[in-house]
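The structure appears below as structure tokens.
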2 protein chains.
Amino acid sequence: MKSFGKKAWTLPQPVLIIGTYDENGKPNAMNAAWAGQWDNHEIMISMGKHQTTENLNLKGEFTVSFATAEKMVAADFVGIVSQKNDPDKMAKTGWTVVASENVNAPVFTDFPMTMECRIKEKQKESATGCYIIAEIVNILCDEKYLAEDGKPDVEKMNLITFDPVHMGYIQLGKRAGNAFSDGKALK
Amino acid sequence: MKSFGKKAWTLPQPVLIIGTYDENGKPNAMNAAWAGQWDNHEIMISMGKHQTTENLNLKGEFTVSFATAEKMVAADFVGIVSQKNDPDKMAKTGWTVVASENVNAPVFTDFPMTMECRIKEKQKESATGCYIIAEIVNILCDEKYLAEDGKPDVEKMNLITFDPVHMGYIQLGKRAGNAFSDGKALK
């Protein structure tokens with residue numbers, strides 16, 4: 001076993017596209033990977049200082065889309081470039097933007113699945129950011145990505161994950177098995 | 001777009017194997033998916049009430065291994081069966097257990113990569129569990145899974161993720177691109 005010390009290498013990390021409106025109602029998107037399910041109806045996101053952070057402070061609501069291989073280039077772009085430096089940032093993504101019906105935030109319909117979220121709690125706000133705990137108000141899924149049972153089919157989405165070791169995006173592949181089920185073989 | 005209301009469907013979720021010792025120094029493992037990178041050297045895990053929760057309260061230290069397709073059946077098993085009901089739980093996994101050199105917890109060497117962690121903070125302890133913020137003390141990687149540059153090669157690991165929509169495990173596939181890089185094409 002080789003030791004690597006302290007690294008931010010939780011595996012795998014999601015690739016979340018956070019959608020917000022600024023003070024003028026202009027949509028923005030950023031890319032985040034330090035996040036996870038917090039509780040049954042809540043998500044946690046570790047936020048740095050960004051235009052998105054300011055928007056969140058202002059509106060308290062946002063969307064989270066799960067990035068795909070098809071939209072990877074623009075999903076990476078919104079994590080590299082700040083709207084503060086490039087007012088045309090969103091136009092360059094080519095994404096279609098519609099208003100969420102449930103929260104004061106934009107929905108990027110190019111992604112298969114989107115959470116509509118409302119901030120419940122901000123922890124440890126500092127000059128470098130904060131930790132956000134948000135209520136999942138609703139989840140939207142494009143009908144193209146539904147399974148026969150009417151629920152989202154994750155395998156159809158070509159979702160990507162963030163590899164923090166080699167700064168890459170790794171695509172989800174085939175289904176390996178059944179949770180709360182395959183392990184029964186060892187009972 | 002179809003609406004699904006409030007669901008615990010953050011995508012994708014990791015499959016973490018949490019390793020702890022009980023009061024007698026007996027190793028235990030459980031499977032957790034509500035977790036994520038919290039900050040640069042910290043991980044967050046949303047914990048229910050389990051034998052592992054008691055062990056964590058006692059020792060304050062644990063390991064986190066990232067589950068693989070090869071070890072999926074036993075990784076699922078440790079999430080289904082409690083050591084409280086089956087004292088032979090760990091023997092049934094067939095995993096090799098060694099003592100961590102850095103924390104008071106077991107390392108399951110059947111997994112490619114393991115974090116050695118120390119609890120820094122427990123939030124909102126209740127009858128149903130708590131949220132754990134833990135310092136990543138060190139990361140171990142089996143030499144078999146190193147890339148040419150000497151760092152862990154995530155693509156070699158056949159890691160699995162938890163699909164909370166259809167209760168499945170989905171394997172990581174091929175590398176789709178380069179983070180903080182591919183998006184420059186849109187600048």
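Here the structure is a predicted model, which means the values were calculated and not measured. In the text below, chain A, chain B and the rest are named by the order of the sequence lines, each starting its count at 1.
In terms of heavy-atom pairs under 4.5 Å with chain A, the best-connected choice from B:Gly79, B:Ala35, B:Ala67 is B:Ala35. Per-residue heavy-atom pair counts under 4.5 Å with chain B were compared for A:Asn31, A:Asp149, A:Asn158, A:Thr109, and the maximum is reached by A:Asp149. With chain B as the partner, the residue from A:Ile139, A:Thr161, A:Leu16 showing the most heavy-atom pairs under 4.5 Å is A:Ile139. For the set B:Gly177, B:Gly36, B:Ser46, the count of heavy-atom pairs under 4.5 angstrom toward chain A peaks at B:Gly177. Note: A:Val137 leads A:Asp142, A:Val137, A:Leu159, A:Ile160 in heavy-atom pairs under 4.5 Å with chain B. Of the listed residues (B:Met157, B:His41, B:Lys144), the greatest number of heavy-atom pairs within a distance under 4.5 Å of chain A belongs to B:His41. With chain A as the partner, the residue from B:Lys89, B:Glu116, B:Lys124, B:Lys184 showing the most heavy-atom pairs under 4.5 Å is B:Lys124. Contacts with chain B were tallied for A:Tyr145, A:Phe162, A:Tyr169; A:Tyr169 has the most, counting heavy-atom pairs under 4.5 Å. Of the listed residues (A:Ile45, A:Asp163, A:Asp182), the greatest number of heavy-atom pairs within a distance under 4.5 Å of chain B belongs to A:Asp182.
Side chain of A:Lys7 to backbone of B:Asn40: no donor-acceptor contact under 3.5 angstrom is found. Checked by atom type and distance alone, the side chain of A:Gln171 never pairs as donor or acceptor with a backbone atom of B:Arg175 at under 3.5 Å. One N or O on the side chain of B:Asn138 and one on the backbone of A:Gly5 form a donor-acceptor pair closer than 3.5 Å. Of the possible polar contacts, none joining the A:Lys174 side chain to the B:Leu172 backbone as a donor-acceptor pair under 3.5 Å is found. In this structure, A:Asp76 contributes its side chain and B:Ser181 its backbone to a donor-acceptor pair below 3.5 Å. Between the side chain of B:His166 and the backbone N or O of A:Asn178, no donor-acceptor pair lies under 3.5 Å.
Only the side chain of B:Phe66 comes within contact range of chain A, with at least one heavy atom under 4.5 Å from a heavy atom of that chain. Interface remark: B:Val165 contributes backbone and side-chain atoms alike to the contact with chain A (heavy atom separation under 4.5 Å). Only the side chain of B:Met72 comes within contact range of chain A, judged by heavy atoms closer than 4.5 Å. Heavy atoms of B:Val64 lying under 4.5 Å from chain A are absent altogether. If you measure heavy-atom distances from B:Glu135 to chain A, the contacts under 4.5 Å come from the side chain alone. Of the atoms belonging to A:Val107, it is side-chain heavy atoms, and not backbone ones, that fall under 4.5 Å from chain B. Heavy atoms of B:Lys187 lying under 4.5 Å from chain A belong to its backbone as well as its side chain. Using a 4.5 Å cut-off between heavy atoms, B:Glu101 makes no contact with chain A at all. Interface remark: A:Ile80 contributes side-chain atoms only to the contact with chain B (heavy atom separation under 4.5 Å). With a 4.5 angstrom heavy-atom cutoff, B:Met115 touches chain A only via side-chain atoms.
The number of heavy-atom neighbours closer than 6.0 Å to NZ of A:Lys92, taken from other residues, nucleotides and ligands shown, is above 12. Enclosure of atom NZ in B:Lys6 by more than 12 non-hydrogen atoms of other residues, nucleotides or ligands within 6.0 angstrom is indicated.
Under the 4.5 Å side-chain heavy-atom criterion for Ile, Leu, Val, Met, Phe, Trp and Tyr, B:Val78 and B:Val97 are members of the same hydrophobic cluster. The same ILVMFWY cluster, assembled from side-chain heavy atoms under 4.5 Å apart, contains both A:Ile18 and A:Ile43. A single hydrophobic cluster is not seen to contain both B:Ile170 and A:Phe180; linkage of ILVMFWY side chains at heavy-atom distances under 4.5 Å, directly or through other members, places them apart. Follow the hydrophobic side-chain contacts under 4.5 Å out from B:Met30 and you never reach B:Val81; the two are in separate clusters. A:Ile17 and A:Ile119 fall into different hydrophobic clusters, where Ile, Leu, Val, Met, Phe, Trp and Tyr are joined by side-chain heavy atoms under 4.5 Å apart, directly or via other members.
With contacts defined as side-chain heavy-atom distances shorter than 4.5 Å, the pair A:Glu42/B:Trp34 does not qualify. In this structure, A:Trp9 and B:Met113 have side chains that are in contact, with non-hydrogen atoms separated by less than 4.5 Å.
For the atom pair B:Gln13 CD and A:Gln13 CD, the distance stands at 14.0 Å (nearest 0.5 Å). Taking CG of A:Leu140 as the reference point, atom CE of B:Met1 lies at 5.5 Å (rounded to 0.5 Å).
The heavy-atom pair separating A:Val73 from B:Ala185 by the smallest distance is CG1-CB, 4.4 Å. Across A:Leu146 and B:Lys2, no two heavy atoms sit closer than the pair CD1-CD, 3.6 Å. When every heavy atom of B:Gly150 is checked against every heavy atom of A:Phe4, the shortest pair comes out as O-CZ, 3.3 Å.
For B:Tyr131 and A:Asp39, the side-chain atoms include at least one donor-acceptor pair closer than 3.5 Å.
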